[in-house]
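Worksheet: one structure, shown below.
What you see is a predicted model, and the numbers here were worked out from it, not measured in a lab.
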Amino acid sequence: MLRRVGPSLRHFLLEMKSSAGYSSYSKAKMSRPVQARRLEGIDKNIWVEFVKLAATYSTVNLGQGFPDFPPPDFLKEAFMRALSGENHMLHQYTRAFGHLPLVKILAQFLGKLLGRDVDPMTNVMVTVGAYQALFCCFQAFVDEGDEVIIIEPFFDCYEVMVKMAGGLPVFVPLRPKFPKDGKLMSSADWQLDPDELASKFSERTKAIILNSPNNPLGKVFSQGELELIADLCVKHDVLCISDEVYEWLVYDGKEHIRIASLRGMWDRTVTIGSAGKTFSATGWKVGWTVGPNRLLQHLRTVHQNSVYHCATVAQEAVAQSFQRELELFGKPESYFVQLPKELQQKRDWLVQRMDAVGMKPIVPEGTYFLVADISEFKSDVTDVPDSDEPYDSRFAKWMVKNKGLATIPLSSFYCGAHKNKYNHFIRFCFAKEEATLKAANDILQKWKQEKTSP
């Protein structure tokens, strides 16, 4: 029979607890700084703030960019087949850089669009949404002190991710040219100044980030605008990170041109796509990057040492859905044909309603966002001169709290120096059910009546 030797562990711990040494350690608090310097000044996030406001006050949410209608049946059916089928390996890890069926169909599909052979193993990498694709790009390419050109207005994470990588954002704005004939402004009226853009390139420039179709404006960059950017990239030997997540959402017969297809650009471009935007399933978080192996090999290094792997079942379902779309390419039954038609109708309906209440819309050529001028409603929210918070931000907060309608201020898509220059616009998302859009219109109509009644 074994006997316990020496004092029990409990007795030993009680002895330690009662000792002066243990007591002093238990009361000590950590005093050294714990936050990495690269996080300084980037702790605030517009989406965290306004999503919380929408959840607390809003009855109608046209703020955050996601559809409130279901994704297509074929996508859901593909997911259920993958989930409940006999291939139990779909519940396990798949290839780190992309599930084979998905990278193969993406290479085939995107090769067709780019007019070149795309190797699924070296030219395509699957990511956890386009967000992670962007993170991989900045971490892989940007060194301390490198400059990255960002076209304003821009999706807010571009600036933050450049800074986290140690880079320096250099901003160049799209400048509005107001129509003289009384017509509504279009996103096409917001243009780059060629000389101003050229002045931003220097020997320190490492990359330019392009977003076409653009969030928040909905601008679809023209062939001439893309050639201007491409020529400067080639001249200064600069990379192009092309965020094309809204590539299928273009209207009025516009064409989305992929900058990687232009002369001299494949070798220096990483193109980013999103199944969430393509198939109206933003919660799936399946994205991808496409580009030459000399660039993607560095993205793979970041990916394998951070996220490493993306959800297998979701990748399988997206692969099956792309196979369907490849077979229906250009046909009326294609989701890539049907979705923009449906969204254009929603856009046109909302444009008419916004114009009628006095919020002058900027008609978007693409995406599912619409920016509107709130100048005629400024009497409801007092302007505060020299305020640190842009007017449109205070307006959007007041509107969600007092009218129950959630939107996003346009100033949040600008750098600090330009926030107050474009502070009389707010962004609406129109990828919503008809009932949601009608409810938003009812709020605006009632508000307009209140303003005009004696």
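- Within 6.0 Å of the CG atom in Asn87, the count of heavy atoms belonging to other residues, nucleotides or ligands exceeds 12.
- Within 6.0 Å of the CG atom in Asn305, the count of heavy atoms belonging to other residues, nucleotides or ligands exceeds 12.
- Distance alone, capped at 3.5 Å, places no donor-acceptor pair between the Thr94 side chain and the Thr312 backbone.
- Looking at Asn423, its side chain never comes within 3.5 Å of a backbone N or O of Ser411 through a donor-acceptor pair.
- Contact annotation: the side chain of Val234 approaches that of Met265 to within less than 4.5 Å [non-hydrogen atoms, C-beta and beyond].
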Passes salt bridge (Lys or Arg N to Asp or Glu O under 4.0 Å), Arg81 versus Glu316? Steps please.
CA-CA 9 Å; Arg81 284 194 301 271; Glu316 174 70 19; over 6 Å; no
Salt bridge (Lys or Arg N to Asp or Glu O under 4.0 Å), that's the test. Do Arg175 and Asp193 meet it? Break it down for me.
CA-CA 7 Å; Arg175 298 192 179 277; Asp193 179 299; 5.8 Å; no
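- A donor-acceptor distance shorter than 3.5 angstrom exists from the side chain of Arg347 to the backbone of Pro364, with no hydrogens or angles considered.
- If you take CD on Glu227 and CD1 on Ile259, they are separated by 9.5 Å, rounding to the nearest 0.5 Å.
- Within a 6.0 Å radius of CZ in Phe430, other residues, nucleotides and ligands contribute more than 12 heavy atoms.
- In this structure, Lys419 contributes its side chain and Tyr414 its backbone to a donor-acceptor pair below 3.5 Å.
- Here the side chain of Tyr368 pairs no donor or acceptor atom with the backbone of Pro340 at under 3.5 angstrom.
- Within 6.0 Å of the NZ atom in Lys76, the count of heavy atoms belonging to other residues, nucleotides or ligands exceeds 12.
- Residues Leu113 and Phe109 form a side-chain contact, since some pair of their non-hydrogen atoms from C-beta on lies under 4.5 Å apart.
- Under a 3.5 Å cut-off, the side chain of His99 and the backbone N or O of Val126 do not form any donor-acceptor pair.
- A salt bridge is absent between Asp442 and Lys446; no separation between the charged side-chain nitrogens and carboxylate oxygens falls under 4.0 Å.
- Proximity of a side-chain donor or acceptor of Glu365 to a complementary backbone N or O of Val220 within less than 3.5 Å is detected.
- The main-chain N or O of Cys310 is found under 3.5 Å from a side-chain atom of Gln315 such that the two form a donor-acceptor pair.
- By the neighbour-count criterion of 12 heavy atoms within 6.0 Å, atom NE2 of His91 is densely surrounded, having more than that number from other residues, nucleotides or ligands.
- A perpendicular orientation is assigned to the rings of Phe279 and Phe322, their planes being inclined by more than 60° (bins at 30° and 60°).
- By the neighbour-count criterion of 12 heavy atoms within 6.0 Å, atom CZ of Phe69 is densely surrounded, having more than that number from other residues, nucleotides or ligands.
- For Asp156 (side chain) and Phe413 (main-chain N/O), no donor-acceptor pair under 3.5 Å exists by modelled atom type.
- Distance alone, capped at 3.5 Å, is enough to place a donor-acceptor pair between the Arg95 side chain and the Met121 backbone.
- Around NZ of Lys448, the count of heavy atoms belonging to other residues, nucleotides or ligands within 6.0 Å exceeds 12.
- Within a 6.0 Å sphere centred on CD of Glu434, other residues, nucleotides and ligands contribute 12 heavy atoms or fewer.
- Inspection of the Thr436 and Glu433 side chains reveals no N or O donor paired with an N or O acceptor under 3.5 Å.
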Applying salt bridge (Lys or Arg N to Asp or Glu O under 4.0 Å), run through Lys346 and Glu342 and close with a yes or a no.
CA-CA 7 Å; Lys346 294 177 185 291; Glu342 294 173 8; over 6 Å; no
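- In plain terms, the two heavy atoms of Ser334 and Glu325 that are nearest each other are OG-OE1, 2.5 Å.
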Can you list the steps and then say if Arg258 with Glu247 is a salt bridge (Lys or Arg N to Asp or Glu O under 4.0 Å)?
CA-CA 9 Å; Arg258 293 161 178 82; Glu247 59 187 318; 2.9 Å; yes
